[in-house]
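One structure is given below, encoded as structure tokens.
If you're wondering where the values come from, they're calculated on a predicted model, not measured in any experiment. Each chain gets a letter, A, B and so on, in the order the sequences are listed, and its residues count up from 1.
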2 protein chains.
Amino acid sequence: MKSYHQYCSVARALDVVGDRWVLLIVRELLAFGPSRYSDLKRGLPGIASNLLAERLRTMEADGLVERRDAPAPIGTQVYELTERGRELEDVLRALIRWGVSTMTTGPSEDDAVQPQWSALLAGLTLSGRSSADAETILGIETGSETVRVALRHDGFEIERGPHAEADVTLSGPALLVGGLLSGRLTITEATGLGLEVAGRAEVLSNLLVDPVDGERARTGATP
Amino acid sequence: MKSYHQYCSVARALDVVGDRWVLLIVRELLAFGPSRYSDLKRGLPGIASNLLAERLRTMEADGLVERRDAPAPIGTQVYELTERGRELEDVLRALIRWGVSTMTTGPSEDDAVQPQWSALLAGLTLSGRSSADAETILGIETGSETVRVALRHDGFEIERGPHAEADVTLSGPALLVGGLLSGRLTITEATGLGLEVAGRAEVLSNLLVDPVDGERARTGATP
DNA sequence: CCGGATCCGGGTTGATACTG
DNA sequence: CAGTATCAACCCGGATCCGG
């Protein structure tokens, strides 16, 4: 895409991340960490392979990602966010917060659904709520796939599959998972609508406590 | 632009604001408030007039802007952000913070420079630092134009021209104005490099105090 | 399978010109 | 002032192909 040629921080930022797909590539790398080309493609349904290749090249030139030789079991290379790329976390958090407030309806027929997108919502908005060195493992199952999120006070980590057993697992429509994680729904509201909560539910309600004012999340007891 | 067809809050947000120019139109409306078509065009050098018209139509359909009959002196209509449009403030703040950290060099030859872009940086990152009902008027002069920003504890307002006298006025290269406002430069560093500070300089150093940790901004006394 | 490269049709963008 | 109209160039997405 062409530069806006405006000496403005917004325009400069968009010169780099305003291209189609770029912020979604950042989303995937922020969720899973270092990823292979095919992993990225899997998390970006709809992208053309030439575009993914070209975007990765541009992003590397712009200092957002680095290409590295894979650490151990894989015989290929992986893409990884640079420090500068990770600093886009705030941009993504803002976009998530804005976007989630519009998602009051379920996915349309041709919408892809992948659980890491809800997991990233959890990671970016809920991490830092556990006590200092406690860790909460949250399982998320939407659209026939599963991920687990480890929420720590200083960050989060997302993996595909239910590798480690979770403290608590959410399964059901992405609308309900997102509604609960974003605070739009209470636990009883969400379970009433069909969300399944397995495991230690009190861990979940602790997570949804808003630490800003110390108030307990609405659990449905007092609507 | 086509939808990503991903049931993800980031993708949903980008479905609406990911089109070229959209966030820059929001930037102008956030800076100046209700604006006429030609005001917008002026603040968006490089945009084709058909694109501006089409974007405004789409943004209206998406509930980001409203078209209103102008209040008093103007015989035409103005565009105004809706509540939902104003909620993009956090997205713009994040983009500004990310983008400004890369602007360590001045504008290139074909970059447009307009003072409201620095003013918005000030408005979005510095407002809320004055005491409860105090108001600080900051003048900004870059690239042969002038704006003034009124910084209040609960928001800000930007106007073109030096209508009201400012408490303190910055004039000089946009690089230095932005460097100072973003905290990358101290006052003495910026003035040493050619920035002119007119008026009550202590108002400026008060603004640059970081209220998070209560620490005083580096004024150059202790580098 | 993985990591792309190539080709192609159609849609989008942006410059210019024009109009009520 | 507030937009349309037109058109060339470019970008996007889908499909296909190809070397490890």
Side-chain angles (χ1 to χ4, degrees), chain A residues 1-6 11 14-25 28-29 32 34-61 65-80 110-112 160, chain B residues 1-6 11 14-25 28-29 32 34-62 65-80 110 112 160:
Chain A
M1 196 186 286
K2 272 185 3 198
S3 163
Y4 286 108
H5 290 298
Q6 298 182 2
L14 292 176
D15 281 345
V16 176
V17 302
D19 272 354
R20 193 159 165 77
W21 294 109
V22 169
L23 282 176
L24 295 188
I25 295 173
E28 291 301 307
L29 291 171
F32 286 123
S35 306
R36 293 179 299 179
Y37 184 90
S38 51
D39 294 330
L40 290 173
K41 191 150 192 216
R42 195 171 146 206
L44 296 163
I47 198 171
S49 77
N50 57 346
L51 274 191
L52 177 54
E54 201 220 84
R55 289 295 183 269
L56 287 170
R57 248 176 290 149
T58 310
M59 290 169 73
E60 191 179 7
V65 302
E66 274 172 355
R67 207 179 287 251
R68 252 190 26 209
D69 286 345
I74 354 180
T76 179
Q77 36 183 13
V78 293
Y79 295 90
E80 185 177 16
D110 45 3
D111 279 353
R160 290 190 210 262
Chain B
M1 198 185 286
K2 271 174 24 184
S3 163
Y4 286 107
H5 290 298
Q6 297 183 2
L14 292 176
D15 280 346
V16 176
V17 302
D19 273 355
R20 195 159 163 78
W21 295 109
V22 169
L23 282 176
L24 295 188
I25 294 174
E28 291 301 306
L29 291 171
F32 286 123
S35 306
R36 292 178 299 179
Y37 184 90
S38 51
D39 294 329
L40 290 174
K41 190 150 192 214
R42 194 170 147 207
L44 296 163
I47 197 172
S49 76
N50 57 349
L51 275 191
L52 177 55
E54 202 221 82
R55 289 296 184 268
L56 287 170
R57 246 174 308 182
T58 310
M59 291 169 73
E60 191 178 7
D62 287 335
V65 302
E66 274 173 355
R67 210 179 284 253
R68 254 190 26 208
D69 287 344
I74 353 178
T76 180
Q77 34 183 15
V78 293
Y79 294 90
E80 185 177 15
D110 44 3
R160 289 190 212 262

Checklist entry - Think Arg67(B) has a side-chain N or O under 4.0 angstrom from the OP1 or OP2 of dA2(D)? => result no

Checklist entry - Closest to the Arg36(B) side chain: dA2(D), dC2(C), dT4(D)? => result dA2(D)

Item to check | Length of the CG-P vector between Asp110(A) and dG13(D), whole Å | outcome: 15 Å

Next on the checklist: Could you tell me how far apart Leu44(A) (CG) and dG14(D) (P) are, to the nearest whole angstrom?
Outcome noted: 13 Å

Next on the checklist: Without decimals, in angstroms, what is the distance between Leu52(B) CG and dA2(D) P?
Outcome noted: 10 Å

Next on the checklist: Using only modelled atom types and a 3.5 angstrom limit, is any donor from either the side chain of Ser49(B) or the base of dA2(D) paired with an acceptor on the other?
Outcome noted: no

Checklist entry - Which sits closer to the 5' end of DNA chain C, Arg55(B) or Leu56(A), going by the nucleotide each is nearest to? => result Leu56(A)

Checklist outcome for this item: Heavy-atom nearest nucleotide on DNA chain D taken for Leu51(A) and for Arg57(B); more 5' hit belongs to Arg57(B)

Checklist outcome for this item: Result for 5'-nearest mapping on DNA chain C, choosing between Tyr37(A) and Glu54(B), is Tyr37(A)

Checklist entry - Below 3.5 Å, does any donor atom in the side chain of Asn50(B) face an acceptor in the base of dG3(D), or the other way round? => result no

Checklist outcome for this item: Atom NZ of Lys41(A) and atom P of dG14(D) are separated, to the nearest Å, by 10 Å

Checklist entry - Out of dA15(C), dG4(C), dG14(D), which has the shortest distance to the side chain of Ala48(B)? => result dA15(C)

Checklist entry - Taking atom P of dG3(C) as reference, at what distance in whole Å does atom CG of Asp39(A) sit? => result 7 Å

Checklist entry - Roughly, in whole Å, what's the span from CG in Asp19(A) to C1' in dC11(D)? => result 10 Å

Item to check | Shortest side-chain distance from Ser38(B), nucleotide among dC1(D), dG3(D), dA15(C) | outcome: dC1(D)

Item to check | Test item: Tyr79(A) and Glu66(A) side chains (from C-beta on) under 4.5 Å apart, heavy atoms | outcome: no

Checklist entry - Rounded to whole angstroms, how far apart are NZ on Lys2(A) and P on dA15(C)? => result 5 Å

Checklist entry - Has Trp21(A) got a side-chain N or O lying under 4.0 Å from the OP1 or OP2 atom of dC12(D)? => result no

Checklist entry - Side chain of Tyr37(B), backbone of Leu52(B): donor and acceptor closer than 3.5 Å? => result no

Item to check | Which atom of Arg160(A) lies closest to which atom of Asp39(A), heavy atoms considered | outcome: NH2-O, 3.6 Å

Checklist entry - Are the side chains of Leu51(B) and Arg20(B) in touch, meaning some heavy atoms are under 4.5 Å apart? => result no

Checklist entry - For Leu24(B) and dG14(C), what is the distance between atoms CG and P respectively, to the nearest whole Å? => result 11 Å

Checklist entry - If every non-hydrogen atom of Val22(B) is compared with every non-hydrogen atom of Met59(B), which pair is closest and at what distance? => result O-CE, 4.0 Å

Item to check | OP1 or OP2 of dG4(C) under 4.0 Å from side-chain N/O of Tyr79(A) | outcome: yes

Checklist entry - What nucleotide among dT13(C), dG3(C), dA2(D) has an atom nearest to a side-chain atom of Arg20(B)? => result dT13(C)

